[in-house]
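Just so you know, these numbers come straight off a predicted model, no measurement behind them. Labels below follow one simple rule: chain letters A, B, ... track the order of the sequence lines, proteins then strands, and each chain is numbered from 1.
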Amino acid sequence: MSARAALAIRRWTPLSVAAVGTLAALAAALAFGPLFLDANALDRLTTLFIYVLLATMWNALAGYGGLVSVGQQAFFGIGAYAAIRLSSFGVGVYPALLLGGACAAALAYALSGFALRLRGGEFAIGMWVLAELLHLLVNLDRLIQGETGTSLIALNAFSPEHRRDYNYWLALASMGALVALVFALLRGRLGASVQAIRDNEEAAASLGVRVLATKRILFVVAGAGCGLAGTLYLATSISFQPATYFGVQWTAYMIFMALVGGLGTFEGPILGAIVFFLMESFFGATGIWYLVGLGATAVAFALYLPRGLWGTLEERFGLKLLPVGYRVAGAEGDGPARGRT
Amino acid sequence: MARASEQLPGDRSILAAEGVSKRFGALRVLEQVDFAVAAGEAVGIVGPNGAGKTTLLNVLAGAYAASAGTVRFRGANVTSSGAAERCRLGLARSHQVPRPFGGMTVFENTLVAASAGGGLRGATACERALDSLELCGMLRLANRRAESLGLLDRKRLELARALATGPTVLLLDEIGGGLTDAEADELVGAILGLRERGIALVWIEHLVHVLVRVVTRLVCMDAGRIIADGAPEAVMADAAVIDAYLGQGVA
C-alpha cells in the first residue's frame, strides 16, 4: 500500500509548461506581424500557418485516431467552394470564409455515419472516392463553370495590403484555435479513447468506449480544420479551380508533413510542416525535381527514420514539449529518459 | 447427469442467457443455451475446443449479436445492446488473446477503462486505474508502453483493464492459458481478490486445477450445448463430461 501512496499522476513538466508558454508568447508576437514584417514574409507565413493546420489535422486523424484518410482534400475543396457559394448569396467575404470551415465540418458530420463504418484501407480509399465524387458534384454548379473555375471576386473590395493583413490574421487565428482545440481534446477523455480505438477497436468497445461517437468528434474537427485551410488558401489565391482544391496532392502533403515530423506525436507534424515549408521555399521553383525530392525524402524517412524527426527525438531523449499522455511519478521510467521500448 | 438449471424472471441471477443460439452462416455454434449467474457467484466453463465457450462469452458480452434468444443483465434485456453499452452497465470481459492498446502506457490502458467503462472523470478515474493496477501487481510497470509487455503482463493488463471499468460481472476467457503453473498461481491470487470484492465471475479455462481453486460451480459445454452444470466435483464425475471432454480414465 505504501508503494501505491507514493504515486502521483504527472501530466505537465517544467519543460512542457515553458514550451507552451513560449508558443503562446510566439503566437501573441506573431499577431503583431503586419506591423514589422514585409509583404513577402506575411504571405509566406500565411502559407506556413495553413500547412501547420493541415498537418495537425491529418495527424490527429491518423496518428491518434488511426483514421488514415486519403480524402481530406474533400474538406479542403468543400470549404473553399462553400465560401464562394455563400459569397455569391451576399454573405460578407470574410464571414463566408469562416463559414466555409463550418460547412466542411457539417459535411464531415453528414459523411461520418457512412465513412466511419469503413476500416483501415477501405476507409482510406473510401475517403478518396468521396473526395472525387464531391469534386464532380461541385463541377455541376454553374457558378463554378466546370474545371475553368471562378474567383472570390468579393475579395477585391479590399486593397491588396489590407487583404494580406486580414488573411495573415485569419490564418494565424485559425491555426492557433484549431491546434489548441486538438491539443485540449487529445489531453482530455477523448484522447485516450481515440488512441484505444486506434490500437484495438474491439477491445476499446469492450471497455465501454463509444467507438462511432468518439471517432465522429475527431473526424468533424479534422473536417473543420481542413475546410478552414481550404478557405484560407482561397483567400490567398482568390481563384478557385476544382481540380486544384480537390487534388489528392493536399493529402499527400499532409501525409508528408506528419510522417517526416513524427506521426502520433503532437509536436512532430508542426515540425514536419516547417520542413515542408522550407523545402517548398527553397526548391519549389524547380518544378518536377521538387516533387521528386519530396518523394525521395518521404522514402528516406520511411526507411531510416520511421518515427520521424520528433518521434526519434522523443524516443531517444524522452522529450515532450506538448504532452497529451500521462506519467505515473514514482513508478519506474517516470523520468525524462523513458525506457526504450 | 447434472442439468442446466431453469432461470425464471425475478430470480437471483444477475446475468442470464435464455434460449440463446448463435449461427455463423450454416454453422451452428450455440444451440438454445440457457445459462445464468447469480450476483457474486463464480462459475467456471469447460469443454472441448469448438464447444462454443468463447462464442457464449462473446454473446454475453455483446461482441456478437445472438441469432436467437435473450440476454439479460441486472434485470434489463440487453440483447440488442452493444459491447460498450453492456460494459458501462457493469459487464466486463478479458480476451483470450490479450488485446493491449500497444501505443499507450499501461496506466493509460486502465485509465481508458476507468473513464469510458467506469464513467469516472479526472482524479477519480486516475485513482481507479491505479487501484486496478495495484490489485493485478502491475503498478511498477505503469509507464511502460503496453506493446512491450510479455504474455503474463499482457494477461494481467487484460484483468486490470476489465477491473478498472468497475464491473459487477467479469467474463474471463482463458486468462490462464499459455502461462506456467507459477504464473497462473499469481493470477489466481489477483482473481481471488476480485471475488472478495463481490464481483461475479464467469471463467472459461482449460486449466481445470486452477479453475476449481476459484469457482464454486462448473459448467461443461459440448457442441454448442451445456451438457453439465453444478458443483465442480459432480460435473467432473459426470459420465457425459468424461466422455466429451476429459476422456476415459482421467476423472
Side-chain angles (χ1 to χ4, degrees), chain A residues 1-11 63-66 186-214 263-265 307 311 315 318 323-341, chain B residues 58 61-63 82-95 98-123 125-127 129-131 133-134 138-148 158 161-162 164-166 171:
Chain A
M1 280 296 166
S2 58
R4 165 76 176 76
L7 298 177
I9 306 303
R10 198 182 60 202
R11 306 202 67 190
Y64 286 95
L186 290 178
R187 274 179 66 85
R189 281 158 62 100
L190 182 95
S193 293
V194 295
Q195 292 179 74
I197 295 169
R198 171 197 67 195
D199 289 349
N200 195 308
E201 191 164 318
E202 284 78 17
S206 81
L207 293 171
V209 175
R210 293 174 170 90
V211 172
L212 187 61
T214 304
L263 190 66
T265 65
R307 286 177 180 270
E315 192 184 39
V324 296
Y326 296 76
R327 307 301 291 169
V328 180
E332 79 181 33
D334 70 318
R338 91 175 182 201
R340 292 287 298 270
T341 54
Chain B
N58 278 327
E85 200 176 326
R86 293 188 204 184
C87 175
R88 292 195 296 274
L89 290 171
L91 180 58
R93 57 107 34 110
S94 75
H95 296 90
R99 297 179 173 185
F101 303 131
M104 305 168 75
T105 68
V106 165
F107 172 77
E108 287 163 357
N109 266 259
T110 48
L111 183 70
V112 171
S115 62
L120 303 177
R121 285 168 185 267
C126 290
E127 286 301 310
L130 288 173
D131 284 343
L133 289 177
E134 183 180 33
M138 294 201 76
L139 263 188
R140 68 194 166 77
L141 300 176
N143 291 321
R144 282 272 293 275
R145 266 166 88 99
E147 67 191 358
S148 72
E158 281 284 318
R161 244 174 21 178
T165 64
L171 311 172

Walk me through whether A:Leu7 and B:Phe107 qualify under side-chain contact (heavy atoms from CB on, under 4.5 Å).
CA-CA 12 Å; A:Leu7 298 177; B:Phe107 172 77; over 6 Å; no
Which bit of [X] is near chain A, if near means a heavy-atom gap under 4.5 Å: side chain, backbone, both or neither?
| X | answer |
| --- | --- |
| B:Ser115 | both |
| B:Leu120 | backbone |
| B:Ala113 | both |

For a quick test of reading the model, state the closest non-hydrogen atom pair linking [X] to [Y] and the distance between them.
| X | Y | answer |
| --- | --- | --- |
| B:Ala142 | A:Ala331 | CB-CB, 4.1 Å |
| B:Phe101 | A:Ala203 | CE2-CB, 3.8 Å |
| B:Val112 | A:Val209 | CG1-CG2, 3.7 Å |
| A:Tyr326 | B:Cys126 | CE2-SG, 4.4 Å |
| A:Arg327 | B:Thr105 | NH1-CG2, 3.9 Å |
| A:Gly208 | B:Cys87 | N-SG, 3.5 Å |

What is the distance from atom CZ of B:Arg161 to atom CG of A:Leu207, rounded to the nearest 0.5 Å?
5.0 Å
Do you know which of B:Arg140, B:Glu85, B:Arg93 has the most heavy-atom pairs under 4.5 Å to chain A?
B:Arg140
Which atoms of A:Arg189 approach chain B - backbone, side chain, both or neither, heavy atom under 4.5 Å
side chain
Heavy-atom neighbours of A:Arg11 CZ exceed 12 at 6.0 Å
yes
Using a 4.5 Å cut-off on heavy atoms from C-beta on, say whether the side chain of A:Ile9 contacts that of B:Leu130.
yes
Can a donor-acceptor pair be found, under 3.5 Å and without considering hydrogens, that links the side chain of B:Glu108 to the backbone of A:Ala192?
no
